[in-house]
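Atom set for the values below is all heavy atoms of this structure, side chains included, hydrogens, waters and symmetry mates excluded. Note that the structure is predicted; figures quoted are calculated from it, not measured.
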Amino acid sequence: MQHFSCRTVAELAMPGLATGRLTVLALFGDADSGADLDTALRAPGATQLVLDLSGLRRLSPAAARALYRFAEGSAEHGRMLFLAACPADAAAVLARTRQPGGPGCGLYATVTDALSVFLTSAAAPDGPHLRPYAVELRHELLAHALVTRAQGILMERYGLPNARSAAALLRAVGREHGLGAVRLAAALGQARPPRAHQPWFPGRIRLPPPVVGFVPAASGRPPPLPVFLDALRDAVCAITRTGMADVQLIDASDNTLWLKSHCGLPTEFVNFFAVIDDTTTACGNAARKRRRVVVEDVATAPDFDETARAVMLAAHSRSLQCTPIPGPAGRPQGMVSTHHDQPGHAYTGAELGALDRVAREAGAWLDWYRTTTVRDALEDLHRRAQGRQGDGQGPV
């Protein structure tokens, strides 16, 4: 028998939903006790709930009945329960246990399929305000998948005893190098495996950071990424003579744009554009087309859907430009946008040329930063994981 456990995969505030929250739970092991399952389901509180059952080895009839009772009680309070990736044996138990005319549960092949209801409502005319939350949720689920895969790589490659120790190692190394566990997990999954008992990148030459005109030269370590992005923001503000600007970085794993630095923009704008995909916004169009987009009048431009347009106008952004930060192979790795409070703002040729130069400098520096930082982190991860081989112990 495998011990039953439950883990929160993603939890997101979504004000447009009844209960205002959406939670994804993953169940593992043998669900034999209806009481234990009921306790796990009630733990998140009032929320719309998606259950990932892919890790469930066994579902007893008692646990299935508890699941149906929970679904019925949730429905009475406007809460929905969706089941995803249900193993065939568990699905058969659910089918046998369900009472004629009794409550059912939505059953989907994958968690992504289960979430399609929420994503669809986010894109519908009566629910576009949910889109930022839906995009963020999709990103959280992708992040969970990347970390889970990285944990498996660490356990298989280095003999780490369990997923918990692998996750702790990822967090510790990612935090120390300023990457975070998800970014490090993605790099681990993409990098070619190191040779046994050798450095990960033999013969590696450490290059100095490229010269950037908008960051003062300083001895010692380069500026932290947030400081660099703030300097980039201030540079484009100076070029275009405005007090409103933002800088976004693109996550290549799902092409989402993440707001990393801003000035002169209200909280509503910052919250709405905190994370977006590459549709229905000018910055998304610029990222997708890989070229600058200039919007002369936000009120009439086709680059926005009506919800995004309303947020822009409320922020007094009537005209803007979005310039991609070039990355490897010509793909943008970020975006710099400047805003003006009057329609029809005209950018001079000199201003646009200066924006292009600053974007190229920023792209070269970000390439250097990511390559250097990621390789440092992977080498550190390799060294620490090797030190833990054999005994399953050792400091993280």
Which heavy atom in [X] sits nearest to a heavy atom in [Y], and how many Å separate them?
{"X": "Ala299", "Y": "Leu313", "result": "N-CD2, 4.1 Å"}
{"X": "Ser319", "Y": "Gly344", "result": "CB-N, 4.0 Å"}
{"X": "Leu81", "Y": "Ala71", "result": "CD2-CB, 3.9 Å"}
{"X": "Cys237", "Y": "Cys263", "result": "SG-SG, 3.6 Å"}
{"X": "Thr281", "Y": "Ala308", "result": "CG2-CB, 4.3 Å"}
{"X": "Trp368", "Y": "Pro222", "result": "CH2-CG, 3.4 Å"}

Problem set entry | Heavy-atom donor-acceptor pair, Thr23 side chain to Thr47 backbone, under 3.5 Å |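 Answer holds: no.
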
Under 3.5 Å, is there a donor-acceptor pair between the [X] and [Y] side chains?
{"X": "Arg233", "Y": "Ser261", "answer": "yes"}
{"X": "Thr323", "Y": "Gln321", "answer": "yes"}
{"X": "His339", "Y": "Ser317", "answer": "yes"}

When you compare the side chain of [Y] with that of [X], does any pair of heavy atoms fall below 4.5 Å?
{"X": "Leu381", "Y": "Leu154", "result": "yes"}
{"X": "Val182", "Y": "Leu170", "result": "no"}
{"X": "Tyr68", "Y": "Thr97", "result": "yes"}
{"X": "Leu169", "Y": "Val173", "result": "yes"}
{"X": "Phe28", "Y": "Leu56", "result": "no"}
{"X": "Leu257", "Y": "Val275", "result": "no"}
{"X": "Asp251", "Y": "Gln333", "result": "no"}
{"X": "Leu49", "Y": "Leu41", "result": "yes"}

Going by an N to O cut-off under 4.0 Å, is there a salt bridge joining [X] and [Y]?
{"X": "Arg171", "Y": "Glu176", "result": "no"}
{"X": "Asp380", "Y": "Arg384", "result": "yes"}
{"X": "Asp38", "Y": "Arg69", "result": "no"}
{"X": "Asp305", "Y": "Arg309", "result": "no"}
{"X": "Asp341", "Y": "Arg318", "result": "no"}

For this session: Show your reasoning for whether side-chain contact (heavy atoms from CB on, under 4.5 Å) applies to His262 and Val247.
Result: CA-CA 6 Å; His262 58 88; Val247 179; over 6 Å; no

Exercise. What do the steps show when you test Cys86 against Leu107 for side-chain contact (heavy atoms from CB on, under 4.5 Å), and what is the final call?
Worked result: CA-CA 8 Å; Cys86 185; Leu107 193 58; 3.6 Å; yes

Problem set entry | Within the 6.0 Å centroid threshold, strictly below: Tyr158 and His382 |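 Ring centres of His382 and Tyr158 closer than 6.0 Å.
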
First locate atom [atom1] of [X], then atom [atom2] of [Y], and finally report the distance between them rounded to the nearest 0.5 Å.
{"X": "Arg183", "Y": "Thr373", "atom1": "CZ", "atom2": "OG1", "answer": "9.5 Å"}
{"X": "Leu355", "Y": "Ile239", "atom1": "CG", "atom2": "CD1", "answer": "5.0 Å"}
{"X": "Leu53", "Y": "Leu59", "atom1": "CG", "atom2": "CG", "answer": "8.0 Å"}
{"X": "Lys260", "Y": "Trp258", "atom1": "NZ", "atom2": "CH2", "answer": "7.0 Å"}
{"X": "Glu296", "Y": "Leu320", "atom1": "CD", "atom2": "CG", "answer": "11.0 Å"}
{"X": "Thr240", "Y": "Leu352", "atom1": "OG1", "atom2": "CG", "answer": "10.0 Å"}

For this session: Test side-chain contact (heavy atoms from CB on, under 4.5 Å) on Phe272 and Thr307 and set out the steps.
Result: CA-CA 10 Å; Phe272 184 87; Thr307 304; 3.7 Å; yes

For this session: Could you tell me how the ring of Tyr347 sits relative to the ring of His345: parallel (under 30°), tilted (30 to 60°) or perpendicular (over 60°)?
Result: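 Geometry flag for His345 against Tyr347: perpendicular rings.
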
For this session: I would like to know whether Asp89 and Arg57 meet salt bridge (charged side-chain N to carboxylate O under 4.0 Å, His left out); could you show each step before the answer?
Result: CA-CA 9 Å; Asp89 290 347; Arg57 285 174 48 91; over 6 Å; no

For this session: Applying salt bridge (Lys or Arg N to Asp or Glu O under 4.0 Å) between Asp376 and each of Arg383, Arg204, Arg370, report the one that passes.
Result: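 Result for salt bridge (Lys or Arg N to Asp or Glu O under 4.0 Å) with Asp376: Arg204.
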
Exercise. Do Asp246 and Cys283 pass the side-chain contact (heavy atoms from CB on, under 4.5 Å) test, and can you show the C-alpha distance, the side-chain angles, and the key distance before you say yes or no?
Worked result: CA-CA 10 Å; Asp246 63 83; Cys283 54; over 6 Å; no

Exercise. Under 4.5 Å between side-chain heavy atoms, hopping through other hydrophobics if needed: is there a path connecting Val227 to Phe214?
Worked result: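 No, separate clusters.
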
